[in-house]
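Here the structure is laid out as structure tokens; the discussion comes afterwards.
The sequence lines fix the lettering, A, B, ..., with proteins before strands; numbering per chain opens at 1.
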Amino acid sequence: MSSPVPSPARYTVTAALPYANGPVHIGHLAGVYIPADIYSRYLRLQGRDVAFICGSDEHGVPITIRADKEGITPQQVVDKYHAQIRDTFAGLGISFDIFSRTSHAVHHETSQQFFLTLHEKGLLEVRESEQFYDPARGQFLADRYILGECPNCHNPNAYGDQCERCGTSLSPEELINPRSALSGAVPEKRLTSHWYLPLDKYEPWLRSWILEGHKDDWRINVYGQCKSWIDQGLHPRAVTRDLDWGVPVPLPEGAGKVLYVWFDAPIGYISATREWAAHAGKNWEDYWKRPDTELIHFIGKDNIVFHCIIFPTMLHAEGSYILPKNVPANEFLNLEGEKISTSRNWAVWAHEYLEDLPGKEDVLRYVLCATAPETKDNDFTWKDFQTRNNSELVAILGNFVNRTLVLTQKFYDGRIPAYSPAPAPEADQALAAAIAGAPARIGQALEGYKFRDALTELLDLARLGNKYLADAEPWKTIKTDEARTAQVMHLAAQLTAALAVLMEPFLPFTATKLRQMLNLQGSFHWAQGGAIDLLRPGHALGQVGLLFEKIEDDTVERQIAKLQAMRTPAMTTEPTPIPAAAEAPAEPSFIGIEDFAKVQLKVATVLDAVPVPKADKLLQLTLDAGEPQPRTVLSGIAQHYTPEEVKGRQVVVVANLAPRKMRGIESQGMILMAEDPATGKLAFVSPTAVVPGGAEVR
RNA sequence: GGCGGGGUAGCUCAGUUGGUUAGAGCACAGGAUUCAUAACCCUGAGGCCACGGGUUCAAAUCCCGUCCCCGCUACCA
């Protein structure tokens with residue numbers, strides 16, 4: 001179908017720059033890189049002009065922290081991870097036109113020029129503010145470089161932006177006894193000046209561009225997040241920082257300062273395009289400055305405001321750039337029911353997958369596309385991975401191809417039979433029509449960024465093929481009706497060829513393998529995925545083998561065991577057990593003694609009680625329940641008791657209640673309280689005489 | 001706390017402007033079949049559409065409230 005709007009002359013497709021202080025995991029792949037790659041491959045198959053751009057983001061404080069920790073330079077950190085990430089992407093067939101890095105000279109130059117243009121146009125504001133300063137080292141300190149006691153959980157080594165033990169986000173002012181991570185000195189506040197991008201001035205423009213202009217074509221989650229930001233009021237944002245790792249501010253008065261990483265990172269897309277264009281003999285400005293270019297950013301949901309509000313504002317302010325046409329942000333992928341966590345090492349790392357399951361790149365691509373979190377957070381499980389491989393890739397797609405090719409070998413010595421004589425029976429016409437419409441159906445889904453739907457369409461085609469064979473039964477008709485059998489086998493073989501074209505964006509390795517099996521040379525246009533004449537009569541197949549292999553139980557069990565073994569325990573907790581499905585009680589008003597026995601009640605003494613930040617009902621209690629480690633329990637009693645009233649008290653705690661996270665803190669039990677039905681007032685349930693902590697309540 | 005998104009079969013997801021018995025794939029059960037990697041094909045079972053109110057002839061869909069999950073949250077108590 002042709003659209004009335006002329007299709008763009010070229011596409012610039014970007015995938016979020018991975019941060020070069022760690023490897024990439026399946027969440028990154030499902031959310032960003034696999035959809036972006038499918039999209040780019042699809043466009044290329046259509047013969048469109050595509051620049052698929054990515055690179056590693058190599059500036060910012062976390063990298064300097066890691067360098068300090070490992071006793072190496074920041075450059076060594078980013079060298080290591082840049083190479084690792086680059087190789088991982090290559091291993092998975094992510095077909096970037098370039099995977100650059102923000103530490104390259106071209107990027108420093110590009111982002112400095114960008115800054116200067118804004119500066120010279122008078123679009124940046126200079127403001128003074130107070131920042132923490134390390135008098136011993138003579139430098140300003142990023143929040144992350146300030147350590148102190150967490151006001152919440154009293155971890156003595158909380159960072160100025162976050163306490164890693166209890167997960168609370170902090171500001172350096174909140175830390176008790178702050179000290180510099182560099183020298184240990186007590187930081188002092190000093191005046192410093194920075195350049196700011198006055199986002200507030202662009203609010204009317206953003207309103208009309210996003211809220212009016214993209215109401216219907218941006219995803220609801222993206223649009224909603226933007227609207228929320230704009231409605232809350234925008235504020236000037238500092239574009240520079242006092243730091244020595246990054247792109248230096250290109251002004252004399254900016255000595256010792258660098259561009260803030262959020263400012264330089266998205267410009268990395270532009271720098272990478274320049275670097276690519278220089279090698280590819282292209283003009284980079286075509287991909288960023290011409291209105292007939294479509295710019296698409298693939299990102300995760302945490303990146304929405306940067307790519308929809310901040311970066312476009314930068315581009316708009318600079319004046320010579322185009323704006324993103326769409327920003328298809330995905331939600332997050334969970335793993336085995338829990339959030340993926342780098343710090344707890346709860347992740348399937350892409351580079352380890354490639355080592356552990358060699359030759360199964362496309363299986364991961366398939367599964368991550370099929371379960372991509374397009375509209376809401378989604379869950380990856382190894383069991384589902386296995387099922388999708390065995391029941392979909394092997395049983396539907398691989399099986400159709402295999403039975404077709406095996407039959408062709410048996411009946412025709414591996415040569416495609418001629419389709420004759422016409423006319424075609426209805427079943428053949430229906431199948432041919434389904435094939436003919438497939439490129440448009442799949443393409444339409446892809447152009448709407450509905451990658452799961454597109455993949456379903458692809459697999460449906462193989463399903464049709466299986467049904468076609470089952471209905472036509474060529475293994476029977478070969479004995480009775482040679483002409484009909486030839487028709488069926490001819491058409492089935494043509495479908496495998498069409499599949500080889502259509503699967504390319506999703507399963508590039510398999511597509512290559514299938515083309516070899518079919519002995520198909522050369523490259524194909526996407527539209528040829530709708531053809532039923534890719535194989536000439538008499539064409540000889542290549543060597544036929546299996547497209548996919550079954551994955552056995554022990555393979556996924558090993559992966560699950562590995563996950564559990566490698567996970568870093570989250571501080572004080574054991575893994576959250578998945579609550580067993582509650583059986584409907586036969587007798588609702590009574591429980592048996594065995595049910596009661598499941599509940600473990602203990603007396604505990606409240607050692608400490610503190611309010612939970614940003615929660616008005618919760619107190620965080622530290623309990624002595626006669627166990628080696630004190631227990632942390634959150635209790636919704638803050639409106640009834642002050643921490644002082646609670647300290648030292650003896651309480652009854654449900655000791656074997658599944659841990660529960662509230663406000664970022666894990667609660668490891670429940671305090672029993674009695675509630676006055678009239679007033680709602682809560683009262684503690686306590687022993688009337690002092691008993692040792694840990695005493696059982698029965 | 002504020003804001004955004006989500007909560008639909010065992011699992012992963014569709015459900016267009018409110019309109020018959022809420023759909024698909026996988027898993028499961030039965031049947032048929034044997035060309036194919038015990039794969040394919042047919043049939044079936046399986047849902048208080050998070051919960052509670054409301055509007056309507058009619059609500060998964062619109063309105064109000066509650067709960068839960070994820071994200072964002074500015075030198076904000």
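- Residues that satisfy the salt bridge (charged side-chain N to carboxylate O under 4.0 Å, His left out) test with K360(A), not counting sequence neighbours, are E549(A).
- The separation of G71(B) from G30(B), taken at their C1' atoms, amounts to 46 Å, rounded to a whole angstrom.
- Rounded to whole angstrom, the span from the CG atom of D471(A) across to the P atom of C35(B) amounts to 17 Å.
- In this model, no donor atom of one side chain and acceptor atom of the other lie less than 3.5 Å apart for N326(A) and H214(A).
- Taking atom P in both C69(B) and A29(B), one finds a spacing of 35 Å when rounded to whole Å.
- At the phosphate of C69(B), neither OP1 nor OP2 sits under 4.0 Å from any side-chain N or O atom of K339(A).
- Comparing the P positions of C51(B) and C67(B) gives a spacing of 16 Å, expressed to the nearest Å.
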Under 3.5 Å, N/O pairs linking protein and nucleotides 4-6 of chain B:
{"unit_1": "G4(B)", "atom_1": "O2'", "unit_2": "Q225(A)", "atom_2": "N", "d": "3.2"}

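- When distances run from any side-chain atom of N402(A) to the nucleotides C26(B), G71(B), U37(B), the shortest one goes to U37(B).
- Rounded to a whole Å, the CD1 atom of I396(A) is 13 Å from the C1' atom of A36(B).
- By the salt bridge (charged side-chain N to carboxylate O under 4.0 Å, His left out) test, D554(A) pairs with R558(A), sequence neighbours left out.
- Contact between the side-chain N/O atoms of R452(A) and the OP1/OP2 oxygens of A14(B) is found at a separation under 4.0 Å.
- As judged by a 4.0 angstrom heavy-atom cut-off over every strand, F411(A) is placed among residues making no nucleic acid contact.
- Within the nucleic acid shown, K410(A) comes within 4.0 Å of sugar-phosphate atoms alone, with no base atom in reach, counting heavy atoms only.
- D379(A) comes within 4.0 angstrom of sugar-phosphate atoms only, judged by non-hydrogen atoms across all strands, and of no base.
- Checked against C70(B), C72(B), C35(B), the side chain of W475(A) finds its nearest nucleotide in C35(B).
- Residues passing the side-chain hydrogen bond (donor to acceptor under 3.5 Å, both in side chains) test with E130(A): none are found, sequence neighbours excluded.
- As rounded to the nearest Å, C3(B) and C64(B) have P atoms that lie 12 Å from one another.
- Contact between L455(A) and A370(A) at its shortest, heavy atoms only, is CD2-N, 3.7 Å.
- For R463(A), the listed nucleotide lying nearest its side chain is C26(B); candidates were C40(B), U37(B), C26(B).
- Within a 6.0 Å sphere centred on OH of Y260(A), other residues, nucleotides and ligands contribute 12 heavy atoms or fewer.
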R190(A)/E188(A) under salt bridge (charged side-chain N to carboxylate O under 4.0 Å, His left out): CA gap, chis, key distance, verdict: CA-CA 6 Å; R190(A) 286 211 188 170; E188(A) 52 192 57; 3.3 Å; yes
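- Every side-chain hydrogen bond (donor to acceptor under 3.5 Å, both in side chains) that Y366(A) has, sequence neighbours left out, goes to E392(A).
- Shown are K450(A), R463(A), R441(A); of these, the salt bridge (charged side-chain N to carboxylate O under 4.0 Å, His left out) with E457(A) is made only by R441(A).
- Residues satisfying the salt bridge (charged side-chain N to carboxylate O under 4.0 Å, His left out) test with K301(A), not counting sequence neighbours, are E331(A), D377(A).
- In this entry the distance linking CG of D453(A) with P of U16(B) reads 13 Å, nearest Å.
- Contact annotation: K550(A) side-chain N/O to A38(B) OP1/OP2 distance is not under 4.0 Å.
- Partners of D57(A) under the side-chain hydrogen bond (donor to acceptor under 3.5 Å, both in side chains) rule, at least two apart in sequence or in another chain, do not exist in this structure.
- The ring-ring contact (aromatic ring centres under 6.0 Å, His included) contacts involving residues 475-497 of chain A comprise Y419(A)-H490(A), where partners must be two or more places apart or lie in separate chains.
- Residue-level contact check: L333(A) touches neither bases nor backbone, having no heavy atom under 4.0 Å from any strand.
- One can place CH2 of W382(A) at 17 Å from C1' of U12(B), the figure rounded to the nearest angstrom.
- Note: CD1 (I310(A)) to P (C72(B)) measures 13 Å, nearest angstrom.
- For the segment residues 384-394 of chain A, the set of residues with a heavy atom within less than 4.0 Å of an atom of RNA chain B comprises T387(A), R388(A), S391(A), E392(A), V394(A), in numerical order.
- Applying the salt bridge (charged side-chain N to carboxylate O under 4.0 Å, His left out) test to E447(A) and every residue at least two apart in sequence or in another chain returns R48(A).
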So which protein N/O to nucleotides 74-77 of chain B N/O distances come out below 3.5 Å?
{"unit_1": "A74(B)", "atom_1": "N3", "unit_2": "H235(A)", "atom_2": "NE2", "d": "2.5"}

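- Between the side chains of R219(A) and N330(A), a donor-acceptor pair is found at a separation under 3.5 Å.
- A stem is defined here as three or more consecutive Watson-Crick or G-U pairs, each with both distances under 3.5 Å; for RNA chain B these stems are B:1-7 with B:67-73, B:10-13 with B:23-26, B:28-31 with B:41-44, B:50-54 with B:62-66.
- Within the 4.0 angstrom heavy-atom criterion, only backbone atoms of the sugar-phosphate kind lie near N466(A); the bases stay farther away.
- Nearest-nucleotide positions on RNA chain B for N303(A) and E473(A) put E473(A) closer to the 5' end.
- Going from atom CG of L405(A) over to atom C1' of A39(B) covers 15 Å, rounded to whole Å.
- Comparing U16(B) with U73(B), their C1' atoms are spaced 34 Å from each other, to the whole Å.
- Taking atom P in both U12(B) and G7(B), the straight-line distance is 13 Å, to the nearest Å.
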Salt bridge (charged side-chain N to carboxylate O under 4.0 Å, His left out) between R484(A) and D428(A), intermediate numbers included: CA-CA 11 Å; R484(A) 178 58 189 149; D428(A) 293 17; 2.8 Å; yes
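- Rounded to whole Å, the distance from NZ on K476(A) to P on A36(B) is 14 Å.
- Taking atom C1' on both nucleotides, U61(B) is separated from G54(B) by 15 Å, rounded to a whole Å.
- One P atom belongs to G47(B), the other to G23(B), and the distance between them is 14 Å to the nearest Å.
- For the pair K189(A) and F132(A), the distance from NZ or CZ to the six-membered ring centre is under 6.0 Å and the angle to the ring normal is within 45 degrees.
- If you measure from atom CZ of R403(A) to atom C1' of U34(B), you get 9 Å, rounded to the nearest angstrom.
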